[in-house]
There are 2 protein chains.
Amino acid sequence: MKASKPHLLIVEDDEVIRSVYTQYLTEAGLSVTEASTGAEARTYLASEHHDLVILDLGLPNEDGLDLIREIRKRANTPIVIVSGRSDPIERVVGLEAGADDFLVKPFLNRELLARVRAVLRRRGWEQPSGATANGVPTSGVTTFQGWRLDLPARRLESPIGDTVHVTTAEFQVLAELARRMPEPVSRRDLLALVHQREWSPADRSIDIHISNLRRKIEVDPKVPRIIIGVRNVGYALAP
Amino acid sequence: MKASKPHLLIVEDDEVIRSVYTQYLTEAGLSVTEASTGAEARTYLASEHHDLVILDLGLPNEDGLDLIREIRKRANTPIVIVSGRSDPIERVVGLEAGADDFLVKPFLNRELLARVRAVLRRRGWEQPSGATANGVPTSGVTTFQGWRLDLPARRLESPIGDTVHVTTAEFQVLAELARRMPEPVSRRDLLALVHQREWSPADRSIDIHISNLRRKIEVDPKVPRIIIGVRNVGYALAP
DNA sequence: GCCCTATGTGGCAAAATGTTAAATCTTGTA
DNA sequence: TACAAGATTTAACATTTTGCCACATAGGGC
């Protein structure tokens with residue numbers, strides 16, 4: 001199963017509110033980065049990956065909608081807006097700008113968590129516990145180009161039904177690429193997944209795993225069509 | 001981008017409200033099936049595919065949460081709940097049961113539509129506007145002078161059908177020229193696309209890419225007929 | 001025609017990526 | 001503990017892509 005936690009970016013200028021969110025969500029098993037201004041948020045957005053962004057629309061000296069568009073321009077990161085104003089039109093505008101959900105303050109921490117989880121669920125994150133009592137692991141299997149990646153069973157199945165053996169590291173790399181498909185994933189993120197270690201520009205181990213994976217799943221490893229290298233960024237799974 | 005319309009199932013016992021939803025969403029370009037009871041909903045769920053279900057929690061003789069779990073058991077169809085009660089706990093329970101969003105009546109039709117679209121967007125349905133992922137427009141195939149530029153596949157095809165290999169930077173330059181055809185595009189704009197770096201008048205890298213592109217696609221690179229240089233402005237693609 | 005600027009292009013050098021092979025580490029087992 | 005098999009990392013080298021310099025050519029104003 002997935003080893004690491006979903007990583008959130010919280011953009012909220014009020015320090016008290018921000019720390020309340022952070023504490024509650026951290027206790028719920030999520031990892032959090034905090035930003036208090038639009039500028040700070042941009043710095044984090046440029047330097048690390050986030051599985052979801054919680055954004056306060058009422059930042060001082062900042063148009064929250066612009067920030068949404070910037071996030072969408074870079075990647076398809078899910079966004080949950082929180083706002084102090086209860087104007088329905090503002091909600092429509094926020095959602096149409098690309099947000100995934102919109103909460104009006106005040107709200108229960110539980111509702112924030114429930115809505116964040118609902119969005120993450122759609123992005124391939126397992127429900128932490130209990131709630132998926134209906135036992136159908138539809139969210140545990142991803143497919144790409146006819147291949148089936150069975151997360152719970154840790155199995156990779158080819159388009160013709162054969163089970164292809166992959167090592168642990170290879171599987172984790174592939175699973176992360178699949179989860180974020182079609183966005184590219186940085187070598188740094190991929191390495192952090194397979195081994196708790198810092199990444200240096202000279203570290204080629206991810207490239208080796210990619211190379212080995214390609215030999216196993218690409219029709220012609222010389223012309224990769226499934227695992228695409230993105231220069232200066234990392235690797236992506238073609239949709 | 002998918003071709004046909006998203007198909008919705010609306011489960012709502014109040015006939016007036018139901019027809020209001022149906023009319024509004026149909027006019028917005030969605031196709032709709034209506035169900036007034038849980039039993040009717042089950043029939044439709046068993047016999048046709050839905051891209052999203054709008055479910056009223058307050059059905060008579062029916063526990064809406066059970067219906068949610070049944071839907072989740074069959075498939076991973078997105079669910080948007082609407083409810084007359086404004087109890088926050090009910091929202092949390094609904095979302096944790098597997099719903100993707102939760103609206104409390106009364107609400108604007110526009111907000112329902114915006115939330116439905118936000119969920120569909122996550123499921124891969126394109127918004128009307130030309131969203132971009134990775135800086136390259138995700139929609140469509142452009143053609144110029146017999147050449148085919150396949151944006152999603154990142155492929156360039158010659159008039160006789162051969163695939164011509166182009167590098168990432170070359171492809172992005174060509175894609176932008178194609179998008180703005182036949183208007184000329186400045187070097188500054190083009191450079192901003194391939195690499196977020198400032199442009200100085202001495203920067204010739206765009207010229208190099210143009211030169212390399214011409215060698216690949218022009219009949220006679222000495223007399224360019226496809227990529228036209230516009231003095232003091234930039235480059236344009238001939239229509 | 002002359003001069004200044006803009007553009008076209010060949011030729012490296014630097015940086016990033018793909019790949020092979022050897023070294024190192026892990027894990028299961030006797 | 002020692003061994004063997006497999007997994008992972010390191011090292012080294014090949015290849016691709018990109019940036020930049022230098023020089024040639026062309027345009028336009030005087």
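Note on naming: letters A, B, ... go to the chains in the order of the sequence lines (proteins, then strands), and numbering restarts at 1 for each one. Computed over heavy atoms, backbone and side chain alike; hydrogens, waters and symmetry mates excluded.
- When all heavy atoms are compared, the tightest approach of A:P78 to A:R72 is CA-NH2, 4.3 Å.
- Considering only side-chain N and O atoms, B:H165 lies under 4.0 angstrom from the phosphate OP1 or OP2 of D:dT17.
- Taking atom CZ of residue A:R204 and atom C1' of nucleotide D:dA14, one finds them 11 Å apart after rounding to whole Å.
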With a 3.5 Å cut-off and sequence neighbours excluded, list the donor-acceptor pairs that the side chains of residues 53-63 of chain A form with protein atoms.
residue : atom : partner : partner atom : Å
A:D56   : OD1  : A:G58   : N            : 3.0
A:E62   : OE1  : A:R42   : NH1          : 3.4
A:E62   : OE2  : A:R42   : NH1          : 3.4
A:E62   : OE2  : A:R42   : NH2          : 2.9
A:D63   : OD1  : A:L65   : N            : 2.9

Result block: side-chain N/O donor-acceptor pairs under 3.5 angstrom for residues 43-51 of chain A, not counting sequence neighbours:
residue : atom : partner : partner atom : Å
A:T43   : OG1  : A:A39   : O            : 3.1
A:S47   : OG   : A:T43   : O            : 3.1
A:S47   : OG   : A:Y44   : O            : 3.4
A:E48   : OE2  : A:T33   : OG1          : 2.8
A:E48   : OE2  : A:H50   : NE2          : 2.8
A:H49   : ND1  : A:R180  : NH1          : 2.9
A:H49   : NE2  : A:D51   : OD1          : 2.9
A:H49   : NE2  : A:R180  : NE           : 3.1
A:D51   : OD1  : A:R179  : NH1          : 3.4
A:D51   : OD1  : A:R179  : NH2          : 3.1
A:D51   : OD2  : A:H7    : N            : 2.7

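- Between A:H209 and D:dT10 there is no side-chain N or O to OP1 or OP2 distance below 4.0 Å.
- Using a 4.0 Å heavy-atom distance criterion, A:V230 is classed as a sugar-phosphate-only contact.
- Salt bridge A:E157/A:R155: present, at least one basic N to carboxylate O contact under 4.0 Å.
- Proximity of A:L149 to A:V141: side-chain heavy atoms (C-beta onward) are nowhere separated by under 4.5 Å.
- Between the OG atom in A:S205 and the CG atom in A:L191 there is a gap of 5.0 Å [rounded to 0.5 Å].
- Checking the phosphate oxygens (OP1, OP2) of D:dC20, no side-chain nitrogen or oxygen of B:S205 falls inside 4.0 Å.
- Note: CG (A:N212) to P (D:dG6) measures 15 Å, nearest angstrom.
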Give the B/S/- string for nucleotides 25-30 of chain D, one per nucleotide from 5' to 3', where a protein heavy atom under 4.0 Å of the base yields B, of only the sugar-phosphate yields S, and otherwise -. --S---
Which side-chain N or O atoms in residues 225-239 of chain A pair as donor and acceptor under 3.5 Å with protein atoms at least two apart or in another chain?
residue : atom : partner : partner atom : Å
A:Y235  : OH   : A:R187  : NH2          : 3.2
A:Y235  : OH   : A:D207  : OD2          : 2.8

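- Within the nucleic acid shown, B:I210 has no heavy atom closer than 4.0 Å to any nucleic acid atom.
- Listed by residue number, the members of residues 232-239 of chain A with any heavy atom below 4.0 angstrom from DNA chain D form an empty set.
- A heavy-atom distance below 4.5 Å is found between the side chains of A:K216 and A:E170.
- Rounded to the nearest 0.5 angstrom, B:L156 CG and B:L174 CG are separated by 6.0 Å.
- Distance check: B:N76 CG to A:R121 CZ gives 9.0 Å after rounding to the nearest 0.5 Å.
- Interface limits on DNA chain C: the 5'-most and 3'-most nucleotides within less than 4.0 Å of chain A heavy atoms are C:dA15 to C:dT20.
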